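Chain naming here is simple, since letters A, B, ... match the order of the sequence lines and numbering starts at 1 in each. All values below come from the heavy atoms of this structure, side chains included, with hydrogens, waters and symmetry mates left out. Just so it is clear, the model here is predicted, and its values are computed rather than measured.
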Amino acid sequence: MEFKEIEKKWQKKWREMPELYKAKDFEGNKFYVLNEFPYPSGSGLHVGHAFSYTAGDIYARFKRMQGLNVMFPMGYDAFGLPTENHAIKTKQKPQDVTKKNTANYRAEMDRLALSFDWCREVNTTDPDYYKWTQWIFIKLFEKGLAYKQEMPINWCPSCKIGLANEEVVNGKCERCGTEVSRRNISQWVVKITDYADRLIDGLKDTHFIERVKQVQINWIGKSEGAKINFKLQTSNFNIKELEVFTTRPDTLYGATFMVISPEHALVSQLVETHDRASLQKDIKDYVEQARKKSDMERTELAKDKTGVFSGLYAINPVTNKEIPIWISDFVLASYGTGAIMSVPAHDERDREFAEKYNLPIVPVYDENNKVINSEMWNGLSQEEAIKKAILYIKEKGIGEGTNNYHLRDWIFSRQHYWGEPIPMVNCPVCGWVPEKEENLPIVLPEVEAYEPTDDGQSPLSKIESFVNCTCPKCGGAAKRETDTMPNWAGSDWYFLRYMDPHNNSKLVDFDILKYWGPVDVYIGGDEHNTLHLLYSRFIYLFLYDLGLFPKEQPEPYDMRVSHGVILGPDNQRMSKSHGNVIVPGEVADKYGVDVLRMYLMFMGPFDGTMAWNEKTLMGVKRFIDRFEKAIVDYQLKVASDSSDDVKVIINKTIAGVSKDLNEFGYNTAIAKMMECMNKLQSSNFNLQINDIKKLIKLMAPMAPYLADELFEKYNEGSIHSQKWPEAEEKYLTEDEVTVMVAVNGKVRDQIKLQSSMINLQKEVVEMAKNTEKMKDLLANKEIIKEIYVPGKMVNFVIK
RNA sequence: GCCGCUGUGGUGAAAUUGGUAUACACGUAAGUUUUAGGAACUUAUGGAGCAAUCCGUGGGGGUUCAAGUCCCUCCAGCGGCACCA
């Protein structure tokens with residue numbers, strides 16, 4: 001049969017077996033395989049999806065055949081800008097666009113024979129789903145982890161819309177390329193920084209690959225140090241002292257000036273009240289300039305430091321000297337306190353600044369790294385001095401040891417239509433009040449126009465019936481929040497909902513989570529190792545702290561695996577503009593799904609970057625054709641008995657393939673199948689029924705259509721519910737082993753011996769010494785040493 | 001600059017605890033068959049040499065009977081972060 005008929009036939013049959021891929025709560029040993037769910041775009045599945053999902057599918061099928069109760073679910077992360085824009089452009093409802101796209105995705109995924117349990121499908125745009133996304137937000141608010149704040153956001157003046165950081169590429173709007181500016185908008189912010197330490201420490205409880213752990217740790221960017229207060233020398237301002245963060249409190253004696261960022265609160269007070277007119281103008285100009293600079297310019301101009309003297313002084317708390325306060329944009333308002341103590345002797349940036357503006361430089365370490373010029377700490381090492389310094393500032397009440405993080409709080413508001421409404425109500429009497437739980441979900445109203453508004457407000461703000469509501473607390477007239485949530489909100493916790501997708505009273509049942517959690521393997525792309533994975537872990541930790549989850553499950557994902565990237569045939573990233581896009585559906589049309597799947601897995605190591613190569617694909621196709629023909633031949637002339645040689649080949653293959661599949665070594669697993677078939681075919685063996693079945697089973701996870709087609713003959717039901725073959729230990733070692741014989745580490749000869757002999761060192765060495773070749777080589781030579789590695793090698797060290 | 005990763009044939013890549021380097025596949029060459037089509041099959045294929053043999057895992061050094069694998073150092077490439085105090 002043609003592959004197309006085979007595919008059609010089995011798709012139909014599988015559909016008629018609803019139990020085949022079903023994950024059943026509480027039945028046996030569970031295994032949870034998770035692939036990142038897709039954003040259902042209009043262009044359908046791309047090769048990256050096919051690659052990553054096939055990998056997950058093989059793993060799920062493999063574990064299922066090994067007798068585990070596998071959950072392998074799929075859903076859609078469907079809120080977001082692309083759908084909204086497409087809907088606006090084509091004058092459709094985003095709801096309808098989503099429906100169309102998800103239906104298309106589903107059909108394509110079925111064709112790829114992905115063994116998802118569709119009973120557990122979730123969709124982030126489904127009100128029954130986002131009810132719980134909103135519920136999580138309310139919990140965050142109740143615990144003080146969500147607050148509203150005026151914050152500068154990225155504003156695209158052309159699209160007239162606020163952009164998320166990830167929507168800004170090189171300072172420009174991702175969609176239209178217009179330079180992004182800053183705008184202050186009142187926004188919901190989530191305090192992820194409260195969990196910074198937990199997000200680092202929790203990694204210890206996981207088996208993420210090291211690279212992923214590192215990326216997360218770097219992203220959080222923890223620095224240990226101290227906060228220190230410097231008193232201002234004047235008392236003309238509300239602000240009486242400057243607080244700084246430093247990782248080097250031990251260099252306090254070398255702090256000869258201070259620098260504050262142009263956005264610092266002290267600067268605005270200065271501009272208003274400064275008594276020296278000329279200085280005031282300089283400051284105003286400088287602050288104005290800094291504001292105009294985009295983030296990009298600020299970093300591009302990083303090489304050349306600029307600044308202006310504030311006219312103010314602070315007191316160094318240990319030297320009691322007056323030190324000048326400068327204003328410069330090399331100090332970031334968003335990190336630490338927006339103010340630093342400058343130690344030009346021991347910080348490159350401070351030195352650069354000091355040299356440019358002729359500020360004093362006082363070293364506090366000598367060439368042996370011992371403290372100098374620091375009275376009470378002189379002679380100490382850096383480590384000791386830091387300890388002493390922290391104790392000292394605490395004792396004197398001028399500061400304390402503390403940590404700082406790169407991680408910032410999470411801006412949670414989007415001024416778009418196509419997202420989860422934030423379930424908050426602004427009451428003139430009560431302030432911000434969360435919607436009552438029984439009123440959830442706050443459903444996104446279907447409206448005529450989705451276009452963003454001129455003033456940067458969500459289109460929802462124009463819908464009076466949505467905006468006007470009553471306060472859940474006092475019952476008075478109030479206004480609903482019209483911002484929606486970011487994409488991440490729905491994808492933070494979807495893996496929990498798969499476990500219990502139809503629960504109306506809870507996000508997820510405790511006992512069900514206890515059974516299914518944590519996710520055993522999470523397969524995803526490197527691009528999600530920071531934001532998505534971090535946000536998701538944060539939300540899990542937060543819900544865990546609410547006592548909703550079992551104590552023994554402090555982390556949501558046990559293992560994280562990064563899939564690789566597939567480049568176009570030209571070794572470039574696939575993109576429409578390069579014209580190098582490979583569409584998986586077209587490949588499947590041409591060669592069949594099994595060929596596509598196996599080729600994707602054979603291309604290279606699972607996490608590698610690989611270029612599409614049609615020739616290699618042909619090689620895989622050849623193999624699959626050869627495999628099919630071979631099995632059909634074997635089935636026609638079944639052997640009643642088979643040699644140990646055959647048993648050894650097959651059992652070694654079983655052991656090797658099982659091990660490789662378990663470690664995502666798909667490329668080598670396939671190579672082992674090829675090697676096995678090469679060996680069997682070159683010797684013209686006939687196989688027994690059981691061995692034929694085993695071979696088909698080994699192929700089943702990778703080539704599900706062909707495998708079921710070949711297995712149909714036996715009338716035992718689908719191969720995908722069969723038991724994975726076990727390697728028989730006695731066939732894993734051959735009767736005869738080859739031992740290499742080397743002289744001075746160079747292999748010169750080999751001997752064959754019965755495997756029962758491998759531990760008889762004396763005899764083996766004697767044998768090795770007395771082969772024709774070795775006799776020659778060792779004649780008249782003095783053997784200094786004889787080394788025998790059982791079953792592998794004999795090495796003679798001679799003079 | 002900092003952190004992480006990777007350097008193996010013409011190409012994609014394999015190599016338990018250090019123990020036959022280049023499995024598997026592509027490409028190439030010769031042959032078989034003659035197929036209307038992306039062909040199929042067989043054999044060969046790291047380099048040098050007639051050969052014995054020698055040389056070969058980015059460069060240099062080291063540990064070891066033995067190094068692709070461990071240590072030091074340098075070089076190149078990839079990814080992430082980046083004026084983070």
If you measure from the Lys or Arg side-chain nitrogens to the Asp or Glu carboxylate oxygens, is any gap between [X] and [Y] under 4.0 Å?
X: A:Lys762; Y: A:Glu766; result: no
X: A:Asp625; Y: A:Lys621; result: yes
X: A:Lys387; Y: A:Asp250; result: no

For this session: Using a heavy-atom cut-off of under 4.0 Å over every strand shown, decide if A:Asn404 touches base, sugar-phosphate, or nothing.
Result: nothing
Exercise. Using a cut-off of 4.0 Å on non-hydrogen atoms, how would the nucleic acid contact of A:Gly221 be classed: base, sugar-phosphate, or nothing?
Worked result: nothing
How far, in whole Å, is [M] from [N] if one measures between their [atom1] atoms?
N: B:G46; M: B:C24; atom1: P; value: 12 Å
N: B:A25; M: B:U45; atom1: C1'; value: 14 Å
N: B:G27; M: B:U33; atom1: C1'; value: 22 Å
N: B:A13; M: B:A23; atom1: P; value: 16 Å
N: B:C26; M: B:A76; atom1: P; value: 36 Å
N: B:U8; M: B:G60; atom1: P; value: 16 Å
N: B:G7; M: B:G68; atom1: P; value: 14 Å
N: B:U63; M: B:A15; atom1: C1'; value: 22 Å

Distances for protein N/O vs nucleotides 13-20 of chain B N/O pairs under 3.5 angstrom?
residue, atom, partner, partner atom, Å
B:A14, OP1, A:Asn667, ND2, 3.2
B:U17, O4, A:Lys792, NZ, 3.1

Problem set entry | Aromatic ring pairing A:Tyr357/A:Phe353, orientation class (parallel under 30°, perpendicular over 60°, tilted between) | tilted
[X] has an atom [atom1]; how far is it from atom [atom2] of [N], in whole Å?
X: A:Asn744; N: B:U64; atom1: CG; atom2: C1'; value: 13 Å
X: A:Asp607; N: B:G4; atom1: CG; atom2: P; value: 18 Å
X: A:Met598; N: B:A25; atom1: CE; atom2: P; value: 12 Å
X: A:Asn529; N: B:C5; atom1: CG; atom2: P; value: 14 Å
X: A:Phe627; N: B:C24; atom1: CZ; atom2: C1'; value: 16 Å
X: A:Glu224; N: B:A85; atom1: CD; atom2: P; value: 12 Å
X: A:Asn571; N: B:C26; atom1: CG; atom2: C1'; value: 15 Å
X: A:Leu242; N: B:A85; atom1: CG; atom2: C1'; value: 14 Å

What is the pairing partner of [N], taking Watson-Crick or G-U wobble pairs with both distances under 3.5 Å in any strand?
N: B:A76; result: B:U6
N: B:C24; result: B:G12
N: B:C41; result: B:G31
N: B:G19; result: B:C65
N: B:G1; result: B:C81
N: B:G46; result: B:C55

Quick one, [X] and [Y] - any side-chain contact, counting heavy atoms below 4.5 Å?
X: A:Asn667; Y: A:Phe606; result: no
X: A:Pro584; Y: A:Phe51; result: no
X: A:Asp607; Y: A:Val561; result: no

Seminar exercise, completed: Comparing A:Trp219 with A:Val797, nearest RNA chain B nucleotide closer to 5' gives the residue A:Val797
Seminar exercise, completed: Nearest-nucleotide check on RNA chain B, A:Phe796 vs A:Arg211; residue mapping nearer the 5' end is A:Arg211
Closest to the [X] side chain, choosing from [options]:
X: A:Ala671; options: B:C83, B:A23, B:C65; answer: B:A23
X: A:Phe602; options: B:C83, B:C24, B:G4; answer: B:C24
X: A:Thr616; options: B:C81, B:A85, B:A25; answer: B:A25
X: A:Glu675; options: B:C26, B:C24, B:A85; answer: B:C24

Work out which heavy atom in [X] is nearest to a heavy atom in [Y]; give both atom names and the distance.
X: A:Glu36; Y: A:Arg560; result: OE2-NH2, 2.8 Å
X: A:Met699; Y: A:Phe623; result: CE-CE2, 3.9 Å
X: A:Thr256; Y: A:Pro324; result: O-CD, 3.5 Å

Exercise. Looking only at atom types and distance, does a side-chain atom of A:Tyr253 sit under 3.5 Å from a main-chain N or O of A:Thr319, one as donor and one as acceptor?
Worked result: no
For this session: For the pair A:Tyr286 (side chain) and A:Asp329 (backbone), establish whether a donor and an acceptor sit closer than 3.5 Å, ignoring hydrogens and angles.
Result: yes
Exercise. B:G77: syn or anti, with syn meaning chi within 90° of zero?
Worked result: anti
Counting only side-chain nitrogens and oxygens, does [X] get under 4.0 Å of the OP1 or OP2 atom of [N]?
X: A:Lys746; N: B:A21; value: no
X: A:Arg748; N: B:C54; value: yes
X: A:Asn678; N: B:A25; value: yes
X: A:Ser223; N: B:A85; value: yes

Problem set entry | nucleotides 31-50 of chain B: protein proximity per nucleotide (B base, S sugar-phosphate only, - neither; heavy atom, under 4.0 Å) | -------B-SS---------
For this session: Go through A:Phe230 and A:Ile323 one step at a time and tell me if the side chain to side chain contact (heavy atoms under 4.5 Å, CB included) criterion holds.
Result: CA-CA 10 Å; A:Phe230 286 66; A:Ile323 58 176; 4.0 Å; yes
